[in-house]
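Taking it in order: structure first as structure tokens, then the write-up.
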Amino acid sequence: MDWHHVLAGRTGRMKASEIRELLKLLDQPDIISFAGGIPDPKLFPTAAFSDAMADVLSGPGAGAALQYSVSEGYRPLRDWIAVEMGRIGVPCDADNILITSGSQQALDYLAKLMINPGDTVLLGWPTYLGALGAFNAYEPRFDQLVPGGNRGAADYAAAAETAGGRVKFAYLSVDFANPTGETLSRRQREAVLDLAEALDIAIVEDAAYQSLRYDGEAVPPILALELERTGDLEACRTLYCGSFSKSLSPGLRVGWVVGAKSVISRLVLMKQAADLHSATLNQIATQRVAQSCFKDHVANLRAVYSARRDHMLDALGRHMPNGVTWTRPEGGMFIWVTLPVGLDGADLLARSLETERVAFVPGRAFFADGSNGNTLRLSFSCADEAMIEEGISRLGRLIRGQLRT
């Protein structure tokens, strides 16, 4: 069968993730990879999960753990999340929380909830590649969000109207963003809130890396800042997307959304239609592990990852030629590198894999308009000191050679 004539038009906007493709390189033993923005599997709390799974499946609750469950999510897990949200300035209860299959599913649901074809989504330039993929299926237009920039609400609204829709929400990762590693200041977060209020749009706050701060002062989430203004979560326009993928385990696919109950109830209907509920056993095990060791485990992650970040920043300083610049993240997993104009990250990757055997992610994929090819993303999360030193040395050598040609 020729499937083309039965496919929806939106499928033409779906593209393979460059990062998913690059992850295949991890199976090649001679590749030094700074590509995948994934946790180090050596640091997973494997024993804690093994004990939790064994305990659940050998006890009286085994049947419930293997059974269908409520779409909202496992109540003790939502209660635990509610307590943690309170610690970062977002007091809420379980009914303000929906458990999703990773925060990626949350982005898909929120896009489905709000985007009509031709509507505008405001986002960073660059932004998380997975968000572009999730949103693209619903046929939006993208516009550049510059927190605290000079563009006003009227300009954004007029541009959206000219394009045949309206602005629906602003998407941003405020702490140690993927791909840049940058963190928005309180002033910038307040500016996003001001803009959203003027446009009367939602804010989707992606907090996948929130727990991985290594230094600097923590800044309240946008949702916490909005609560300071409204005093009522039910009056807030911000939807906070959290995840256990970077802290406990990505493979169990446990994330969550926090927001006004009126929105959560609509997302629950989507969950019921899409997959009924996230895996019950995974939710129960995650709750038990989080309850027993989350704080200590995350403290260990911070110690390991911060050392790797420092090693990479030091290596970049010693091996990169003049004209190459990079971010200095306070947390997360990424360093964003800007090359001199004239160099292209994709071309550099092809040469690097052929000659130096070092992998990274070309930066163009993170821009909604495919611009800024002279950028690349490095991840330090899965590389030890020796790998970082050797890999950055090789990469610096390659870039110097390209600048001479």
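Position 1 is the first residue of the sequence, and the numbers go up from there.
- Note that the OG atom of Ser249 and the CG atom of Asn282 stand 8.0 Å from one another [nearest 0.5 Å].
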Original post:
Does the pair Asn372 and Trp125 meet the rule for a side chain to side chain donor-acceptor pair (under 3.5 Å), with working shown?
Top reply: CA-CA 9 Å; Asn372 292 273; Trp125 236 252; over 6 Å; no
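- A donor-acceptor contact closer than 3.5 angstrom is absent between the side chains of Gln283 and His277.
- Counted by atom type alone, Gln105 and Asp275 present one or more donor-acceptor pairs between their side chains at under 3.5 Å.
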**OP:** For Arg394 and Arg357, run side chain to side chain contact (heavy atoms under 4.5 Å, CB included): C-alpha distance rounded to whole Å, both residues' side-chain angles, the deciding distance at 0.1 Å, then the answer.
**Re:** CA-CA 8 Å; Arg394 294 183 192 180; Arg357 308 299 283 165; 3.9 Å; yes
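- If you check the side chains of Lys271 and Ser278, you find a donor sitting under 3.5 Å from an acceptor.
- With hydrogens and angles left out, the side-chain atoms of Tyr138 and Asn116 include no donor and acceptor closer than 3.5 Å.
- Checked against salt bridge (Lys or Arg N to Asp or Glu O under 4.0 Å), Glu72 has no partners two or more places apart in sequence or in another chain.
- Between the side chains of Tyr156 and Gln144, no donor-acceptor pair is found at a separation under 3.5 Å.
- Between Leu107 and Asp206, the closest side-chain pair of non-hydrogen atoms falls below 4.5 Å.
- Partners of Tyr171 by ring-ring contact (aromatic ring centres under 6.0 Å, His included), not counting sequence neighbours, listed by chain and number: Phe135.
- Note that CG of Leu378 and CG of Leu316 are 6.0 Å apart. Values are rounded to the nearest 0.5 Å.
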Listing, residues 77-90 side-chain donor-acceptor contacts under 3.5 Å, not counting sequence neighbours, or none:
from  : atom 1 : to    : atom 2 : distance (Å)
Arg78 : NE     : Gly73 : O      : 3.1
Arg78 : NH1    : Ala94 : O      : 2.9
Arg78 : NH2    : Gly73 : O      : 3.4
Asp79 : OD1    : Arg75 : NE     : 3.0
Glu84 : OE2    : Arg87 : NE     : 2.9

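- Listed by first and then second residue, the side-chain hydrogen bond (donor to acceptor under 3.5 Å, both in side chains) pairs that reach into residues 296-305 come to none, sequence neighbours excluded.
- Pairs passing the ring-ring contact (aromatic ring centres under 6.0 Å, His included) check and including a residue from residues 251-274, sequence neighbours excluded, read Phe244-Trp256.
- For the atom pair Ile264 CD1 and Asp95 CG, the distance stands at 10.0 Å (nearest 0.5 Å).
- What you find for Gly391 and Val358 is that their closest heavy atoms are O-CG2, 3.9 Å.
- Inspection of the Arg364 and Asn374 side chains reveals no N or O donor paired with an N or O acceptor under 3.5 Å.
- Side-chain contact, Thr230 with Asp232: no donor N or O sits under 3.5 Å from an acceptor N or O.
- Remark: Thr120 OG1 to Leu199 CG distance equals 10.0 Å, nearest 0.5 Å.
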Side-chain donor-acceptor contacts of residues 320-340 below 3.5 Å, not counting sequence neighbours, with atom names and distances?
from   : atom 1 : to     : atom 2 : distance (Å)
Thr327 : OG1    : Thr180 : O      : 2.8
Thr327 : OG1    : Trp336 : N      : 3.0
Glu330 : OE1    : Arg213 : NH1    : 2.8

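- Between the side chains of Glu234 and Asn96, at least one donor-acceptor pair of N or O atoms lies under 3.5 Å.
- Here CE of Met270 is found 13.0 Å from OG1 of Thr100. Values are rounded to the nearest 0.5 Å.
- Here the CG atom belonging to Leu193 is positioned 5.0 Å from the OG1 atom belonging to Thr238, to the nearest 0.5 angstrom.
- Comment: Arg308 does not engage Asp310 in a salt bridge, judged by the lack of any side-chain N to carboxylate O separation of less than 4.0 angstrom.
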